[in-house]
2 protein chains.
Amino acid sequence: MTVYDDTAGPTLLPATAMAGREEPVDRILATAYELFSRRGIRGVGVNELISDSGVSKATFYRHFPSKDALVLAFLELRDQVWTVELIVAEASRRGNTAEERLLAVFDVFGDWFQREDFEACSFINVLLEMGPGHPLGKASIDYLSRIRGHIQALAEEAGLDRPEEFSRSWHILMKGSIISATEGDTQASKRAQQMARWLIEHHRGL
Amino acid sequence: MTVYDDTAGPTLLPATAMAGREEPVDRILATAYELFSRRGIRGVGVNELISDSGVSKATFYRHFPSKDALVLAFLELRDQVWTVELIVAEASRRGNTAEERLLAVFDVFGDWFQREDFEACSFINVLLEMGPGHPLGKASIDYLSRIRGHIQALAEEAGLDRPEEFSRSWHILMKGSIISATEGDTQASKRAQQMARWLIEHHRGL
DNA sequence: TGGGGCGTACAGACCGGTCTGCCTCGGAGT
DNA sequence: ACTCCGAGGCAGACCGGTCTGTACGCCCCA
């Protein structure tokens, strides 16, 4: 279910202040991205989403039948904006080979951890907030597996052994370093990157 | 602030059903442990805590001035029951040397991940649920640093290099594997343990 | 003229927290 | 030995506030 319709109009830029000129559904999604990514799901009420996006309640519920539906749309948007554009694409930009691109993930993490608006990983947040049995938790698990898919694709491109298991170990390093960064350890990316190097070495053709 | 008074009476066993014979404060804490560890903080209301522990509301607020105060007591209990007794003590039981005890942490994790009542790490949950700026989030960060303290002590006992940095890297593996287990990867403990072995090798005196 | 947007009032549930009663039990005073 | 009293526990009404979601009326503009 693709709620966001980008057949017309400018591209949605969630991080920037929306001028109020876009369509209501875009304003709602942009506000949801801002608030959900910073304060979680239960920490943001529908009324706040409505007032911040300058939309009436009826309009809100016309586009999203429930708050959970909006959360699903937010997760999909987060996958596009954060996972793909901010992490994977940026890491690919920084590395020339597949191995370099893999390791560059933690360089991107290092910059990300430094930001004052660092908000951790929304998929982990929602998963732990709602639980793995909740539909939103299951959706988060699905988006987390997509992240592993990106890693696995790079591992295959690099010709590493057992790319699926490699990606699962790699993902442990990513998630663990994010939690450490949330605790305040801004050097967590470097620690994870070092372990990631050892992981690559042990998955190279012997 | 130690709310629980163990100067008299049987030891508190949070996992078992309380027979209703204990003191009200014990029943409240046991119920809080059950519910908070499984469903988080915001997912459990004061009314449910009261009815489940068979205590009146006035009694509840006589012992705990607020819900947050109960959460703080819960975190302290969790540190004792989970961190110390379930993880550190059990890992020490399974290993003969300091290095073996370190690696046994992930064996204990492996058993823990298999349990159907696996509830992830309450400190991570509360930290992400409330945010690092909230008092409960700060308390969780403090308890997470205590976990690192246990690891660092074992690293020093094992004579490893730079035990503080070692413990921070080690903790990344612990937290990452817990998230992976929450996603459903019950083999996450083995992946983390393998990376932990490499970490030990690189921290041994060269 | 009619659909979509806006504003708002409202329903019904639940939140944390306060407060008033009633009951029981144990210990002190006579 | 009997009475009395207060501490503490139980039960539940109640408070203001917030939650998600519905409904209604008005307006604008195509």
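Per chain, numbering begins at 1; letters A, B, ... match sequence-line order.
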Visitor: Indicate whether OP1 or OP2 belonging to C:dG5 is found under 4.0 Å from a side-chain N or O atom of A:His63.
Guide: yes
Visitor: If the sugar-phosphate is the primed atoms plus P, OP1 and OP2 and the base is the rest, what is the B/S/- string for nucleotides 21-30 of chain D, using protein heavy atoms under 4.0 Å?
Guide: BB--------
Visitor: What's the CD1-C1' distance between A:Ile50 and C:dG5, to the nearest Å?
Guide: 13 Å
Visitor: For B:Phe64 and C:dG16, give me the distance from atom CZ to atom C1', rounded to whole Å.
Guide: 16 Å
Visitor: Could you give the CZ-to-C1' distance, from A:Arg42 to D:dT18, as a whole number of Å?
Guide: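 Interatomic distance, CZ of A:Arg42 to C1' of D:dT18: 15 Å.
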Visitor: Does A:Arg62 make a side-chain N or O approach to OP1 or OP2 of C:dG5 shorter than 4.0 Å?
Guide: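 So the side-chain polar atoms of A:Arg62 do come within 4.0 Å of the phosphate oxygens OP1 or OP2 of C:dG5, strictly under.
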Visitor: Quick check: closest heavy atoms across A:Trp112 and A:Cys121, and the distance to 0.1 Å?
Guide: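 In terms of heavy atoms, the two residues are closest at CH2-N, 4.2 Å.
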Visitor: In whole angstroms, how far is the C1' atom of C:dG4 from the CZ atom of A:Arg27?
Guide: 12 Å
Visitor: Whole angstrom is fine here: how far is it from CG in A:Leu136 over to P in D:dT20?
Guide: 13 Å
Visitor: Could you tell me whether A:Glu90 and A:Arg93 make a salt bridge, using a distance below 4.0 angstrom between a side-chain N and a carboxylate O?
Guide: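 Looking at A:Arg93 together with A:Glu90, the answer is yes, because their closest N to O distance falls below 4.0 Å.
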Visitor: Measure up the B:Phe106 and B:Phe109 rings against each other and bin them: parallel (under 30°), tilted (30 to 60°), perpendicular (over 60°).
Guide: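 It falls in the perpendicular class, over 60°.
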Visitor: Is the phosphate of C:dC6 approached by A:Thr59 (side-chain N or O, under 4.0 Å from OP1 or OP2)?
Guide: yes
Visitor: Of all the heavy-atom pairs spanning A:Leu70 and A:Leu29, show the shortest one and how long it is.
Guide: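 Smallest heavy-atom distance, with atoms named: CD1-CD2, 4.2 Å.
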Visitor: Return the minimal non-hydrogen interatomic distance between A:Glu129 and A:Gly43, and the atom names on each side.
Guide: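 Heavy-atom minimum between the residues: OE2-N, 4.3 Å.
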Visitor: Please report, rounded to the nearest Å, how far the C1' atom of C:dG17 is from the CD1 atom of B:Ile28.
Guide: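 After rounding, the reported distance stands at 14 Å.
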Visitor: Less than 3.5 Å apart, which donor and acceptor atoms pair up between the side chains of residues 142-152 of chain B and the rest of the protein, not counting sequence neighbours?
Guide:
{"unit_1": "B:Ser145", "atom_1": "OG", "unit_2": "B:Asp142", "atom_2": "O", "d": "2.6"}
{"unit_1": "B:Arg148", "atom_1": "NH1", "unit_2": "A:Glu183", "atom_2": "OE1", "d": "3.4"}
{"unit_1": "B:Gln152", "atom_1": "NE2", "unit_2": "B:Glu156", "atom_2": "OE2", "d": "3.4"}

